Amino acid sequence: YSILKGDFYGTTGLTENLAADLSIAFREQGDGTGTERVRGIDIGFEEYQNLRTKVLWTPGEDTDLVLTGQWVESKEWYGQACQAGSVCISPYSPNFADVSLNFSVPARAHSALGALHATHNFGPVSLVSISSYQRTKSDYPVDSDFSGVTFQHIGRIQTTETYSQEFQLQSTYESPFQWVLGAFYW
């Protein structure tokens, strides 16, 4: 299906107490798995891009801060097929990936995430704070009449935002008794 795919990961120390990593992944598919039969074009392919990075800062021997950022975008060109036994305006196709649409707008989604993970060791106990925020937006168009006629289209756009905060007070690994006390908000 003429797929071009790539992945990269790298990490390095920036200073004595600062390090970072970077991860990149992408996929692009040139040929579809089926045919959009109304116009005879390829359909049934997808592409995505993913970028993630983390930065570790150790301001002192008892404190670690990890800042994470991630961005993801995806597109998919699919549709509903008229399968055997279905009642459809368009004729049945034996290829399960063939569809009957009169538009080829991809389903799209993109997401951004940021998080901060902080740990401080107070001797026999450690305090951990994990904060995060994520925003995702998706747009999913549907041609639900299975035909080449503009009769019934549904467009669903959804945006979600998620915030979370977690605190943990926990024993260190040297403690003879391991325990965690925490609170989580989402």
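Along the sequence shown, residues are numbered consecutively beginning with 1. What you are looking at is a predicted structure, and each value in this text was computed from that prediction instead of being measured.
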Asks: Pick out which of Gln168, Gln165, Glu166 makes a side chain to side chain donor-acceptor pair (under 3.5 Å) with Ser129.
Replies: Gln165
Asks: Pick from Asp7, Leu51, Leu4: which one makes a side-chain contact (heavy atoms from CB on, under 4.5 Å) with Phe26?
Replies: Leu4
Asks: Going hydrophobic residue to hydrophobic residue with side-chain gaps under 4.5 angstrom, can you get from Val72 over to Tyr48?
Replies: no
Asks: Nearest 0.5 Å, please: how far is NZ in Lys137 from CZ in Arg108?
Replies: 11.0 Å
Asks: Output the distance between atom CZ (Arg52) and atom CG (Leu113), rounded to the nearest 0.5 Å.
Replies: 10.5 Å
Asks: Mind listing the closest non-hydrogen atom pair of Thr63 and Pro59 along with its distance?
Replies: O-CD, 3.4 Å
Asks: Hydrophobic clustering (ILVMFWY, side-chain heavy atoms < 4.5 Å, transitive) - are Phe122 and Leu181 grouped together?
Replies: yes
Asks: Counting heavy atoms not belonging to Glu16, are there more than 12 under 6.0 Å from its CD?
Replies: no
Asks: Taking atom CG of Leu116 and atom OG of Ser131, what is their separation to the nearest 0.5 Å?
Replies: 5.5 Å
Asks: Give, for atom CG of Leu127 and atom CG of Leu169, the distance between the pair rounded to the nearest 0.5 Å.
Replies: 6.5 Å
Asks: Grouping I, L, V, M, F, W and Y whenever their side-chain heavy atoms are under 4.5 Å apart, do Trp71 and Ile24 come out in a common cluster?
Replies: yes
Asks: Is it true that the side chains of Thr15 and Asn17 contain a donor and an acceptor less than 3.5 Å apart?
Replies: yes
Asks: Crowded around Glu161 CD? As in, over 12 foreign heavy atoms under 6.0 Å?
Replies: yes
Asks: Checking side-chain polar atoms at under 3.5 Å, does Asp64 have a donor or acceptor matched by the opposite partner on Thr58?
Replies: yes
Asks: Hey, any chance Trp57 and Leu14 share a hydrophobic cluster, counting ILVMFWY side chains that come within less than 4.5 Å of each other, even indirectly?
Replies: yes
Asks: So, do Thr159 and Arg135 sit near enough that their side-chain heavy atoms are less than 4.5 Å apart?
Replies: yes
Asks: If I take atom OG1 from residue Thr136 and atom NE2 from residue His110, how far apart are they, to the nearest 0.5 angstrom?
Replies: 8.5 Å
Asks: Following the transitive rule for hydrophobic clusters with a side-chain heavy-atom cut-off under 4.5 Å over Ile, Leu, Val, Met, Phe, Trp and Tyr, establish whether Val180 and Val125 coincide in one cluster.
Replies: no
Asks: May I ask you to decide if Lys54's main-chain N or O and Asp21's side chain share a donor-acceptor pair within less than 3.5 Å?
Replies: yes
Asks: Is a donor on one side and an acceptor on the other found under 3.5 Å between the side chain of Thr11 and the backbone of Ala20?
Replies: yes
Asks: Is the shortest heavy-atom distance from the side chain of Phe8 to the side chain of Leu22 under 4.5 Å?
Replies: yes
Asks: More than 12 heavy atoms of other residues, nucleotides or ligands under 6.0 Å from OH of Tyr185: yes or no?
Replies: no
Asks: Within the structure provided, determine whether Leu56 and Leu18 are in side-chain contact (heavy-atom separation under 4.5 Å).
Replies: no
Asks: Locate the shortest heavy-atom distance separating Trp179 from Phe177; write the atom from each residue and the value.
Replies: CD1-O, 3.4 Å
Asks: Just so I know, are the side chains of Gln134 and Ser111 near enough to count as touching, which here means a heavy-atom distance under 4.5 Å?
Replies: yes
Asks: Does the Gln178 side chain pair with the main chain of Thr172, one donor and one acceptor, at a distance under 3.5 Å?
Replies: yes
Asks: Where do Thr162 and Trp186 land on the side chain to side chain contact (heavy atoms under 4.5 Å, CB included) test, with the steps shown first?
Replies: CA-CA 7 Å; Thr162 305; Trp186 177 66; 2.8 Å; yes
Asks: Passes salt bridge (Lys or Arg N to Asp or Glu O under 4.0 Å), Arg27 versus Glu46? Steps please.
Replies: CA-CA 8 Å; Arg27 178 178 188 230; Glu46 59 191 21; 2.7 Å; yes
Asks: CD of Glu28 to CD1 of Ile3: how many Å apart, nearest 0.5 Å?
Replies: 11.5 Å
Asks: Just checking, is any N or O donor in the side chain of Ser164 or Ser132 under 3.5 Å from an acceptor N or O on the other one?
Replies: yes
Asks: Can a side-chain donor-acceptor contact be found between Ser138 and Gln158 if the only test is distance below 3.5 angstrom?
Replies: no
